[in-house]
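Below is one structure, written out as structure tokens; comments come after it.
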Amino acid sequence: MSSSKVPHVVLQSSSNNCNMPVIGLGTAPSSSTDTREAILEAIKTGYRHFDTASMYGSEQPLGEAIAEALQLGIIKSRDELFITSKLWCTENFPHLVLPALQKTLESLKLEYLDLYLIHWPISVKSGHWEMPFPEEALTSFDLKGVWKAMEECQKLGLTKSIGVSNFSCKKLENLLSFASIPPSVNQVEINLTWQQKKLRAYCQEKGIIITAYSPLGAPGSTWGSNNVVDNELLKEIAEAHGKSFAQVSLRWLYEIGVTFAVKSYNKERMKQNLEIFDWSLTKDDYEKIDQIKQQRMVKNGPAKFIDGIWDGEN
């Protein structure tokens with residue numbers, strides 16, 4: 001599928017109203033697959049949005065793949081790509097935001113990001129901590145100071161837009177009460193078995209685009225589950241359309257107005273995940289989808305003590 005056929009959304013509070021492709025390729029830690037090769041293959045297949053983070057260890061291979069794609073002429077300019085990265089918890093302090101972003105840009109060998117996100121709404125003392133972080137690793141999170149530093153990064157042109165990840169309605173409300181530049185994006189866990197209706201409605205009302213991570217439930221990963229893959233109702237819908245469970249899951253996200261970062265380095269599945277824009281789900285499908293039992297997958301995240309995300313507040 002050509003990249004020109006992938007729909008885009010406009011990020012409201014970005015510099016120059018930048019456009020984000022609705023589908024991105026996630027690059028969270030993978031087992032044995034060569035990340036650089038997989039990303040290069042994804043660019044050839046038509047992907048233009050790539051989601052990374054300093055914590056993933058995939059910024060450098062992503063940068064190398066971009067350089068190679070330019071050298072091979074697969075893309076004519078870096079501007080054809082949309083690159084997202086994230087500020088990790090140990091750098092979630094006002095004075096560390098700019099250096100962290102500069103380090104990210106150095107790893108990627110890029111002059112700017114399209115989107116920079118606060119990865120989690122917690123701050124963690126420096127050091128080598130196991131996840132989930134123990135209580136003694138946590139320290140107070142100065143959201144106001146950190147967000148001001150994020151806004152400065154956008155004003156400096158080091159990122160075209162800024163946003164958050166794993167923020168609840170309550171935390172977004174707090175942020176919006178003082179933000180000069182509102183967050184363009186909130187990246188959270190959303191899939192058919194964790195539909196986040198309240199959070200989706202809130203973000204839509206505030207003009208914040210949601211990006212779903214683990215849109216297929218991340219089967220095979222340390223934090224994932226087979227809840228989506230094994231869902232019988234989802235299998236019925238997929239069979240009726242002659243599509244895969246993944247295509248139905250992604251089509252549903254697209255139809256409800258959610259963007260998504262999907263993680264597959266398999267060449268055939270990468271191609272299939274782009275083939276969701278020329279068909280639709282039916283009313284009957286939605287009735288089945290409404291019956292799917294809801295169960296959050298990422299129960300702790302990096303810490304068990306993040307109030308508001310994991311307590312049913314959405």
Side-chain angles (χ1 to χ4, degrees), residues 11 14 18 20-21 23-45 47-72 74-75 77-93 96-120 124 126 128-129 131 146 149-150 152-154 156-166 184-185 187 211 213-214 218 221-223 259-265 270 301-302:
L11 300 187
S14 57
C18 72
M20 180 172 83
I23 184 169
L25 189 80
T27 63
S30 182
S31 47
S32 55
T33 316
D34 184 324
T35 303
R36 184 185 62 83
E37 278 302 311
I39 292 166
L40 196 61
E41 188 57 47
I43 296 173
K44 288 177 187 169
T45 307
Y47 286 82
R48 292 297 178 264
H49 178 187
F50 294 90
D51 179 272
T52 183
S54 60
M55 181 265 191
Y56 297 166
S58 59
E59 289 177 334
Q60 192 179 332
L62 172 55
E64 288 166 3
I66 293 168
E68 197 171 336
L70 284 163
Q71 196 185 342
L72 295 170
I74 303 165
I75 50 171
S77 140
R78 178 264 179 267
D79 296 348
E80 290 178 34
L81 301 178
F82 189 100
I83 308 298
T84 298
S85 194
K86 307 179 192 84
L87 175 75
W88 187 236
C89 307
T90 49
E91 291 158 320
N92 214 356
F93 300 89
L96 294 180
V97 175
L98 180 58
L101 175 52
Q102 287 168 329
K103 194 176 166 195
T104 278
L105 291 171
E106 199 180 307
S107 299
L108 286 160
K109 303 270 187 290
L110 296 179
E111 288 178 9
Y112 68 91
L113 288 180
D114 296 280
L115 178 62
Y116 196 43
L117 305 175
I118 296 174
H119 205 149
W120 287 89
V124 172
S126 66
H128 297 287
W129 304 97
M131 285 195 292
V146 166
M150 295 283 284
E152 195 51 38
C153 290
Q154 182 169 324
L156 289 168
L158 298 176
T159 182
K160 289 187 173 182
S161 47
I162 51 177
V164 294
S165 183
N166 300 300
S184 289
V185 167
Q187 187 177 121
T211 298
Y213 67 72
S214 303
S221 70
T222 50
W223 69 91
T259 64
F260 39 93
V262 68
K263 172 73 190 291
S264 176
Y265 286 175
M270 271 200 245

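Only heavy atoms go into these numbers, but all of them, side chains included; no hydrogens, no water, no symmetry mates. Just so we're clear, the structure is a prediction, and the values are computed from it rather than from any experiment.
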Any non-hydrogen side-chain atom of [X] less than 4.5 Å from a side-chain atom of [Y]?
{"X": "Y56", "Y": "L62", "value": "no"}
{"X": "D114", "Y": "L11", "value": "no"}
{"X": "S54", "Y": "K103", "value": "no"}
{"X": "L87", "Y": "L101", "value": "no"}
{"X": "L158", "Y": "L98", "value": "yes"}
{"X": "Y47", "Y": "I39", "value": "no"}
{"X": "L40", "Y": "L72", "value": "yes"}
{"X": "V97", "Y": "E152", "value": "no"}

At their closest point, which heavy atom of [X] faces which heavy atom of [Y], and how far apart are they?
{"X": "C89", "Y": "W120", "answer": "SG-CB, 3.8 Å"}
{"X": "M270", "Y": "A38", "answer": "CE-O, 3.5 Å"}
{"X": "A42", "Y": "F50", "answer": "CB-CE2, 3.8 Å"}
{"X": "V124", "Y": "F93", "answer": "O-CE1, 3.5 Å"}
{"X": "L117", "Y": "M150", "answer": "C-CE, 3.9 Å"}
{"X": "R78", "Y": "L70", "answer": "N-CD2, 3.8 Å"}

*asked:* For a side-chain contact (heavy atoms from CB on, under 4.5 Å) check, start with the C-alpha distance between L96 and W88, then their side-chain angles and the critical distance, and finish with the verdict.
replied: CA-CA 10 Å; L96 294 180; W88 187 236; over 6 Å; no
Between atom [atom1] of [X] and atom [atom2] of [Y], what is the distance when rounded to the nearest 0.5 Å?
{"X": "Q154", "Y": "T159", "atom1": "CD", "atom2": "OG1", "value": "6.5 Å"}
{"X": "E68", "Y": "R36", "atom1": "CD", "atom2": "CZ", "value": "4.5 Å"}
{"X": "T211", "Y": "M20", "atom1": "OG1", "atom2": "CE", "value": "3.5 Å"}

*Look at the side chain of S165 and the backbone N and O of Q187, then say whether any donor-acceptor pair between them is shorter than 3.5 Å.*
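At least one qualifying donor-acceptor pair exists.
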*asked:* Using a 3.5 Å distance criterion without hydrogens, assess whether the side chain of K263 forms a donor-acceptor pair with backbone atoms of A28.
replied: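 Yes, K263 side chain to A28 backbone: donor-acceptor pair under 3.5 Å.
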*Hey, mind stepping through K86 and D51 against salt bridge (Lys or Arg N to Asp or Glu O under 4.0 Å) and telling me if it holds?*
CA-CA 9 Å; K86 307 179 192 84; D51 179 272; 2.6 Å; yes
*asked:* Run the side-chain contact (heavy atoms from CB on, under 4.5 Å) test on H49 and T259 for me, step by step, so that the C-alpha distance in whole Å, both residues' side-chain angles and the decisive distance to 0.1 Å come before the verdict.
replied: CA-CA 11 Å; H49 178 187; T259 64; 6.0 Å; no
*Check against side-chain contact (heavy atoms from CB on, under 4.5 Å), I83 and I66*: CA-CA 10 Å; I83 308 298; I66 293 168; 3.7 Å; yes
*Sole candidate of L110, L113, L105 that passes side chain to side chain contact (heavy atoms under 4.5 Å, CB included) when paired with S85*: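 Result: among L110, L113, L105, L113 is the only option passing the side chain to side chain contact (heavy atoms under 4.5 Å, CB included) with S85.
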*So with a 6.0 Å cut-off around CD of Q102, is the heavy-atom count from everything else above 12?*
yes
*Give a yes-or-no answer on whether the side chains of Q60 and E64 include a donor-acceptor pair shorter than 3.5 Å.*
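Distance-only check passes for Q60 and E64.
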_Looking only at side-chain N and O atoms, does T52 offer a donor or acceptor that is under 3.5 Å from a partner on S58?_
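Checked: S58/T52 side chains pair up, N/O donor to acceptor below 3.5 Å.
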